[in-house]
Structure formats: structure tokens, C-alpha cells
Amino acid sequence: MIALYQHRPSPVHQLHPLTKLAISFGVIVLALGLGVDWVPLVLYLLVLVPLSALARVAGPFVRTSLRILLPFAISLFVIQSLFFPEGNTILARLGPLSIKAEGVRFAFAGTVRILLMAGALLLTLLTTHPGLLLTGLVQKGFPPALAYVIVTTLQIVPQMRERASTIIDAQRARGLETQGSLLVRARALLPLIGPLVLGSLLDVEERSLALEAHVQRHNAQDQPLPSAGPHLGAGAQMVDCAGHARGDWLPAC
Amino acid sequence: MIPLALEEVSFTYPSGVTALREISLTVAPGESVALIGQNGSGKTTLARHLNGLLQPSSGRVMIGDWDTRQHTVAKLAARVGYVFQHPEHQIFKRSVQDEVAFGPRNLGFAPARVAQLVEQALQATQLSTVADQHPHDLLPALRKRVALASVLAMDTPVVVLDEPTTGQDAQGVRAIGEIVERVRAGGRTIITISHDIDFCADHCSRLIVLGGGRVLLDGPRETVFAHGDILEQTAVEPPQLVRLAQRLRLPLAWEPQPLLAALEQSQRQR
Amino acid sequence: MIQLRNVSYTYPEATTPALNGISLDIAAGEVCAVIGPNGAGKSTLCYTIAGFAPYHFRGELTGEVVVDGRRTVEHPLGELVKHCGLVFHNPLNQISGARYTVREEPAFGLENLGMPRPYMQARVNDVLELLGIAALAERSPFELSGGQQQRVALASILVMGPRVLLLDEPTSQLDPHGTKEVFAAIKALSQTGVTVVLIEHKPELVAEFADRVIVLHGGQVQLDGAPRAVLADPRLPPLGVSVARYTQLAHTARERGLWPAQAPLPVTLDETVAGFELPSINPSSSRPAHGSGQ
């Protein structure tokens, strides 16, 4: 599977793309606006999951949203339950560390919000032909080039996952330990994220070139697409930034 | 220096596609082997078994006395170095020499040894003059050599190269050929995955031809190139000079000298 | 069809020009291969003809570039791309992902041109047929092989009806089978009268498909002529360009009197076979060696 869109005969697929986008955002605003921890989870389970079943994409919907959620959930729970600053209620002790109830609650609230936001957008993407979404956005006055980049980039998210797994393989083959303690995993982050970010920037550059070659713009006065430049100065800078940042939050590699 | 052995290795991807079917073969220390065959023939799947990135669904893979199932990829990296096709998948340091030092440091070598290995690898790949540059400021073809150097510096007894010549110009291909010869001369085992059959004919003394997850042919160049019909099954064309020799009905040759000698003889006879 | 007059181009923030005083005339319908070592300016030449330099990359362009009667600096890029298509080496990055099937993908460009639907469908069908991918029309472009994907990318450029097609190493990411498929497609479309500029490393492919070969080095044209002449030129190896093994062999053979001294060096397998099968060879007429870099 490379593209997200799932072709099915369903009433959800028939809806106007912008209607679906509006529902997605409506659900998100409702969930965040009420400010009650469990509301996003309820909306996910009682609104989004049934809608995905109606659209006959329940399987991919639940699988993909959990896959997106998992890394966030793990890091939120590990970090917040152990290090939540205002935590007083101790649930359990792990040597010098203790798990605090306030932290667990905070992590839960964050996790279900991410679940809802990812789920709401995912449902639209799974049930909306990317071309229709693109046309819908452009008809409402969205700049075509920007709409194209957003829509096609969302479609290649699965491609990114493939790239990420190749990068992990390439670095493990160079002796990088990716399994084990938290410290070991934290050390492994930079060698994985660096090539991922840079590779994606290269792709965006190439895709924007290809776009210019394919598309006669609706308005010839449009500015050219933002470019990473032929020598990828921006990409190199990003990696530099990642390198600088490492000193602040990771032990030296 | 260590031997490699695949013992009745089969492999099926989670998607249900069977990529390897009961492959058994051994590679002696110091051999230079090419894995050839069309896309989907199982070349890369086979190579990824050598450093544990993939584990056989049945059968086993022995790297010297190690069964790959009993060691992590990071541990196996000390025995089998693997250069991926796209350098973009691995480069993340801000200088060529830091990038090259990453592997040997992971293997826990002492700093003096790391420095020495890095220097040797940079020399072998003719990158010494750009050691302090940012890898992404180099031309893509040179970046590929950075990836090669970063694996050579790990000083593994076995080195796997995945498509080492793609995107290289004439000089780049020649430079990579020289690196392969130098690594061979050092007694290390080299396994090259490549569609560049002329490169394989120049630098690999044994060819393993894969098709549909099986070994179709395995042997020295003269044996493998003689089986044009089997090569065709997996979309491999023999090297240019082999094709020329065949068209001229001369004895099989992939190097100019024997072919010229044969030409001389046949013209004298006329 | 394509005229360059003393064209130089420097990328932003670069100190040396990527193209340095290039003058060229490429006739309508010509298939012109551009070869040269990495960094010679081959891709930049394509970008300049297409108007991407300086439109997309900014930077500084001097001299005059005229494509199909239009000076590139006087027209917006959006108009230039209708007449001059550009295909890159990585097929995946050229597939929009905004369309679901192979048939819809090329239509994406046409919709942007505001073309009427029936005309559009007929045109897409013709192009898919020409490139040998009509049977794949209902498949998703993402599940195809590299060679098939590259032909989809080619199709979405061709439907716009460009008179000039620029191909930047279209097969460098493909296996030999995919390469063959794409070159068969290029051959088919060159017979429709499109002017083709093709960047390609492999001399045996250039010899087979090009009418003309230009060698770039250091942003300048070093050699320019028919494939037979250029691909056998002894100056190629010093310029960092690979020479087919047949050509190298015949060169050595000529020194030893095994190849007719007066005959040109071969650049394809067929020419080589024919040359060596010639009965009359005079060993005494062997020429002194030149271009010994081979």
C-alpha cells in the first residue's frame, strides 16, 4: 500500500470533500473546546469509528490511526508519568523514579487528543479521492500550488514510512543499536531522523520541480514554488540544526 | 577471515510473497561474488540475510560460527558491512570524516584505531581531500563513495555492496572498481549486487544468478556467461565483449586481451 | 527548434558558472543526446532550455535561449512547460499522487490546461498506446514497476503535446528490463516528430537512439556531432566520458592491425561484428596510437 485513499462505494465517499474537511475540523474543535479529558476518546469511538465503518474503511482506519498514535502515546506516557512537574500522587516506584497519577492523566488527555485529530483527518483522506480534494480546495480559492503540495504530501505519508524503515536498516547495518534501554533508543534518534528529514526535503524539491513541469498554473502571475535550492543548502542547514539541537537533549553520540 | 553459509534458506515476506526458495550456498573467505538477476529475483532479500536484517523463514544463515538468528544486526555489523544503494538513507553527520567514523565507533573500537581506520577508508575511496566537508555539499556520486568509506572503515571481514555503480560516471565507476580490487587484495570477502554486468565481469570472479528466488546459476564467469539462455530468463544480458565473442563465434571472453588473441588467430587462418 | 546563443548560467550563491558560453542549434525532430561527467552541467542545460533556470532556481542567466520561437525570459514558466516537457530520473517523484489510476494521471496536466473532456480522453488513450502502457490504464501508478512508472510520468508530459521533450537520465533508477521498456517508448515518440534532448551515461544506448551527441564538460560544449564520430572520439576518455567496450576493443585492434585502418571505429555491437568480419585487413597499415587514455 502506498497511497492512503481507499476506493469504496459508500455514502461517506459521496460527500463533498470540503464537507468532510469541515466535519473533521468541527469534531476536532468540539473535542478540544469542551476541555474534558475523555471527550475526544468518546468522539473517536462513537463518531469516527462508526463513520469509518459506514465508509467501509474501518480496518485501515483503526490500524493507521493507532500506528500514528503509538509513538506519541509511548513518549507521552513515559515522559509525563515520570516527570510531570506538579505530580504529587505516587502510583508506583521504579528505583529513584516514581510514576505520578497527575502525569498519567495528562498523558492520557494528550494521547486521546492526538488520536482524535489524526483520526478525523485520516477519515477524510481515506474516503476522499485526492484529485477531488485538490479540486475542492482550489475552487474555494486555495492557491493551487500549495493545495497540490499539501494533498500529495499527505498521500505519500506511507512512502515516508517505507523510507524510515530503510534508514533504520542502513544504520543498524553500521552497528547502531536500536533495541534496549531508553538511553540506547534516544541515542539512535539522530542517525534516523537526520536522513529522514533530509530525504524528505530532497523529495519535496524534486516533486515541486515535477509539478512545475506538469501544471500550467491557473494564474501565470503566481510566484514560483518555494525551492530548497539546487545545492540543498536548506537541507544541509536542517541537519545542522538537528546536530546543534542534539547537544541540548541527547547525550553525545 | 570467515566463511559464509546459507543452509536451505527460504524466506517469505509478511505480505505472503516468497522471495527465497531453499537456497544453499557457501562463500569462502576472500571471494568476490556478484549477485545478479532482474528486480524481484531475490538478490537484495538474500543479501539482507547476511547481516541479520532479515531472518530466514526456514533454514539458517551462518556467518563464520555465528547463526544470524542468535545475534542482533548491530552485533553482526562487526562481521558483515553493508553499503546501501542510496547514501541519502544513512548520511547524517556534518563532516565526511565524522560520517565515516560513525560505524567503527559503534563497534566500540579504541579512538586511535577509529582514527586509523577512517584515514585508510578515506584514502581508499580518494576522499581525503574532502574529509572536512559537509557530505551534502558533495556531488551525489561522491556521496555514494562516502557511504562506501563509512562501511569500509568498520573493517569487517565481509562487505556487501548494493548497486555500487548507479549514478556514477566513467571515472566514478573506475574508482569504485579500484576500491573493490583493493578490498579484495586485503583478503576481505566482497559480495556485489548489481545490474551492471560489465562491472561484475571485471571485478567478481564468481557469479550467482538468481531468478524467482532460486539460484539459477552459480560458478566462475566462463561457466555462467556460457548459459545465455538461462541468463535471459532473469533479464540479464551477458557483458558487451561476451556478446561480441558469441556473435563472431569466437571462444568466450569478457576481457579484451583473450578476445584480441582469438581475433588475431582467426584472421591469420583466413 | 532550440537555439542557445552564448548562454551562461550561475546558480544562486555559486561562485563558478554551471554553463559557460554555450551556443547550440537543435533542429526540429532531432534526438540529441547530452553526455559528460558528473557536474558537467548536463542537468543545468536541460533546466535552462526548459526555463527552470532562472525561473525556478533563480540565479543569473546571460545570453539568449529560444525554444520553439519563444525567448524563455519573455514568457512565464507556466506557458513554457506546455511546449517543452521535462522528465526526471526518479519516476515516483513525478507521479502526482493526486490521481488514482494510470489513465487519470496524465489527465491531471490536461485539466490544468482546461481541455474539453472527450478530447482529453482520446488524447490520453493515444499516448498510453504509444508508450505501451495502455493495458495498465486502470491500475494504480503506485503499484507498477519502475519502468512502467517512468512511462506514466512520460505520458503525463506527452499529453500536453510539447514540441520539445527533455529527458534527464530517465533510466538511471531502473533495471535493464525497465531501461529497455523506456527506451522503446522514447524511440516510438521520437518518430512522432518531437524534438528530444536526452541525458544518458551509457554509450551503447546513446549510439542506438540518438541522431546527434553533445559532450559537455565544465559547462562548455566540447564535442558535437553524429554518434559514430563523437562516441569513437579519442578525446572522450580524458573528458571523463565512458566509451563502449566494443569501441575500446576496436581501437586496440586497429593498433594491432586487426581492424581496417581506414574504417571508422564502431559504436554498436552490429557495427563491431560487421567490421571484424571484413575479410581484407592489411596488417602493415596500422596507425600510431592516439587517445591512449582508454
Side-chain angles (χ1 to χ4, degrees), chain A residues 1-2 159-160 162-181 184-185 187-206 228-247 250-253, chain B residues 15 44 47-48 50-54 71-95 98-109 114 133-140 143 147-156 158-160 162:
Chain A
M1 181 196 75
I2 277 198
Q159 203 184 311
M160 289 264 285
E162 231 168 78
R163 183 203 303 273
S165 77
T166 311
I167 292 170
I168 293 173
D169 283 353
Q171 304 297 39
R172 287 163 80 205
R174 294 166 81 198
L176 180 72
E177 198 64 77
T178 54
Q179 288 144 348
S181 69
V184 168
R185 284 164 192 252
R187 268 174 199 271
L189 270 180
L190 185 71
L192 303 182
I193 291 171
L196 190 65
V197 169
L198 199 84
S200 308
L201 283 174
L202 275 162
D203 267 7
V204 169
E205 165 74 5
E206 272 190 35
H231 299 308
L232 295 162
Q237 274 167 19
M238 286 287 288
V239 168
D240 275 354
C241 291
H244 291 309
R246 178 187 55 186
L250 279 179
C253 284
Chain B
S15 64
T44 304
R48 289 190 179 191
L50 299 177
N51 65 346
L53 283 174
L54 295 176
H71 298 269
T72 65
V73 176
K75 291 277 175 316
L76 283 160
R79 293 198 169 182
V80 180
Y82 195 121
V83 187
F84 276 62
Q85 181 175 356
H86 298 289
E88 290 73 22
H89 285 146
Q90 66 152 78
I91 290 176
F92 71 105
K93 293 282 189 181
R94 277 178 289 160
S95 78
D98 279 353
E99 186 66 41
V100 176
F102 178 72
R105 278 187 195 140
N106 281 333
L107 298 181
F109 295 154
V114 172
Q133 285 194 30
H134 199 298
H136 285 280
D137 291 339
L138 303 177
L139 284 172
R143 241 180 274 155
L148 186 53
S150 72
V151 170
L152 290 185
M154 294 165 71
D155 199 23
T156 52
V158 181
V159 178
V160 180
D162 193 347

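In this text the structure is predicted, and so the values were computed from the model without any measurement.
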Could you go through B/Asn106 and A/Glu177, starting from their C-alpha distance and side-chain angles, then the distance that decides it, and tell me whether this counts as side-chain contact (heavy atoms from CB on, under 4.5 Å)? CA-CA 8 Å; B/Asn106 281 333; A/Glu177 198 64 77; over 6 Å; no

Determine the option with the most heavy-atom pairs under 4.5 angstrom with chain B, choosing from A/Leu196, A/Thr166, A/Ile168. A/Thr166

With a 4.0 Å cut-off on N to O distance, would you call A/Arg163 and B/Glu88 a salt bridge? no

If we define contacts as heavy-atom pairs under 4.5 Å, which of B/Pro135, B/Pro104, B/Ala74 has the most with chain A? B/Ala74

If I measure from the heavy atoms of chain A, does B/Gln85 come under 4.5 Å with its side chain, its backbone, both, or neither? neither

Might you point out which heavy atoms bring B/Ala77 and A/Gly175 nearest each other, and give the distance in Å? CB-N, 3.4 Å

Spell out, as yes or no, whether a donor-acceptor pair under 3.5 Å connects the side chain of B/Gln90 to the backbone of A/Pro195. no

Find out whether A/Gln171 and B/Phe92 are in side-chain contact, i.e. whether some heavy atom of one side chain is under 4.5 Å from a heavy atom of the other. yes

Got B/Arg48 and A/Asp169 here, is their nearest side-chain heavy-atom distance under 4.5 Å? yes

With sequence neighbours excluded, residues passing side-chain contact (heavy atoms from CB on, under 4.5 Å) with B/Ala149: B/Val100, B/Ala121, B/Thr125, B/Leu127

Can you check whether A/Arg174 reaches B/Arg105 side chain to side chain, under 4.5 Å on heavy atoms? no

Closest non-hydrogen contact found for B/Phe102 with A/Leu176 is CZ-CD1, 3.7 Å

Student check: side-chain heavy atoms of B/Leu53 and A/Arg172 closer than 4.5 Å: yes

Look only at the side chain of B/Asn51 and the backbone of A/Ala173, and say whether a donor-acceptor pair between them is shorter than 3.5 Å. no

